[in-house]
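Whatever order the structure lists ligands and atoms in, that order sets their numbers, starting from 1.
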Amino acid sequence: MWTHRHLLGIEDLAAADIEAVLARAELSYALSRRTEKKSAALRGRTVVNLFFEASTRTRTSFEIAGKRLGADVVNVSSSGSSVSKGETLLDTARNIEAMRTDVMVVRHGSSGAARFLAARLGCSVVNAGDGAHEHPTQALLDAFTIRRRKGRLDGLTVAICGDVAHSRVARSNALLLGKMGAVVRLTGPRTMLPRSARELGPTVTVMPRLEEAVEGADVVMMLRIQQERLGAAMLASTREYAKTFGLGPSMLARAKPDALVLHPGPINRGVELDPGIADGAQSGVLDQVEAGVAVRMSVLELVLEASP
Ligand code: CP
């Protein structure tokens, strides 16, 4: 049974919690495919999206998720708010909570920001991405997408490729997939790899070459190069990167013939992912986006059900 008032990271979840989110998301997914997409499950509740970093998919899908469940949803971004006048994260959040907010969905550039707020606020807090730490709802929607396309998570081999060290998506996915019984291979340029994968789980390994990681994989997850978190010295050129660590047709041919290709977005087309693959039959990129609404509906319902 789900007991978490907040969703701060996959690191806090057991396999049964992940299963609970995915099972509930199946119901939301079915609702979202109907002509009449509304439920009244969260009628009268208020969800605030508090975003200190740019977002298209996460912010929009949390907004649609809340509205589909009948909640009132308000979007606050750092630009255009009093954050731009120097108000602190905590003061901003406390003032928004004082308006009787039920759930605060937080994206921030600092690792631990969502946990910091959860310890100081009375409302539920959902982490929508904190620095290079975690992006739990992304990993949950990726798991939902994989399971719909492959029928399971247990026993699959998933290659996570690219800027692993700076990626909260990679970290949350490695933690989740390991807990659900998948084998995870992390690969990328030497400067973008974690020193150790041990903390991410016993089924997670680091491989220095893309060829090795993709060989026989069931799922190939490409990561965005985090230009905003990189020092210039870490990356010689995007052309060099595309040649060595970009996923093109010949590289994808090393994976299983029915391998699923994922990318959290936004895609740097022609850098980490060939445009033909991004838009091709093996791509699950837009399935991921659709799953994002269902998974976020599930998370909003579950954290509120666990709140006093
Ligand atoms: N995947 C993801 O977090 O995308 P956004 O930055 O657009 O929300």
Just to confirm my output: which protein heavy-atom neighbour is closest to atom 2 (C) of ligand 1, and how far is it?
Thr58 OG1, 3.5 Å
Which protein heavy atom lies closest to atom 7 (O) of ligand 1, and at what distance to 0.1 Å?
Thr56 N, 2.8 Å
When the ring planes of Tyr241 and Phe245 are compared, do they come out parallel, tilted or perpendicular, using 30° and 60° as the limits?
tilted
When you look for heavy atoms under 4.0 Å from ligand 1, do you find them on the side chain of His135, its backbone, both, or neither?
side chain
Going by distance only, is there an N or O of Pro266 that falls short of 3.5 Å from an N or O of ligand 1?
no
Just checking Arg120: does its CZ atom have more than 12 heavy atoms from other residues, nucleotides or ligands closer to it than 6.0 angstrom?
yes
Nearest protein heavy atom with distance in Å, relative to atom 4 (O) of ligand 1:
Arg57 NE, 3.1 Å
As an exercise, identify every atom of ligand 1 less than 4.0 angstrom from a heavy atom of Gly265.
1 (N), 2 (C), 4 (O)
Contact between Ile18 and Leu153 at the side-chain level, heavy atoms closer than 4.5 Å - yes or no?
no
Ring pair (Phe, Tyr, Trp, His ring centres under 6.0 Å) filter on Phe52, not counting sequence neighbours, yields His108
Please walk me through it: do Glu19 and Arg147 pass salt bridge (charged side-chain N to carboxylate O under 4.0 Å, His left out)?
CA-CA 11 Å; Glu19 192 54 58; Arg147 203 156 76 167; 3.0 Å; yes
for atom 6 (O) of ligand 1, nearest protein heavy atom and its distance come out as Arg107 NH1, 2.9 Å
Does the distance from a Lys or Arg side-chain N to an Asp or Glu carboxylate O, for Glu212 and Arg185, drop under 4.0 Å?
no
For ligand 1, which atoms sit closer than 4.0 Å to a heavy atom of Gln138?
1 (N), 2 (C)
Could you tell me whether some N/O pair between Arg59 and ligand 1 is separated by less than 3.5 angstrom?
no
Could you check whether Arg107 makes a cation-pi contact with Phe51, meaning its NZ or CZ is under 6.0 Å from the centre of the six-membered ring and within 45° of the ring axis?
no
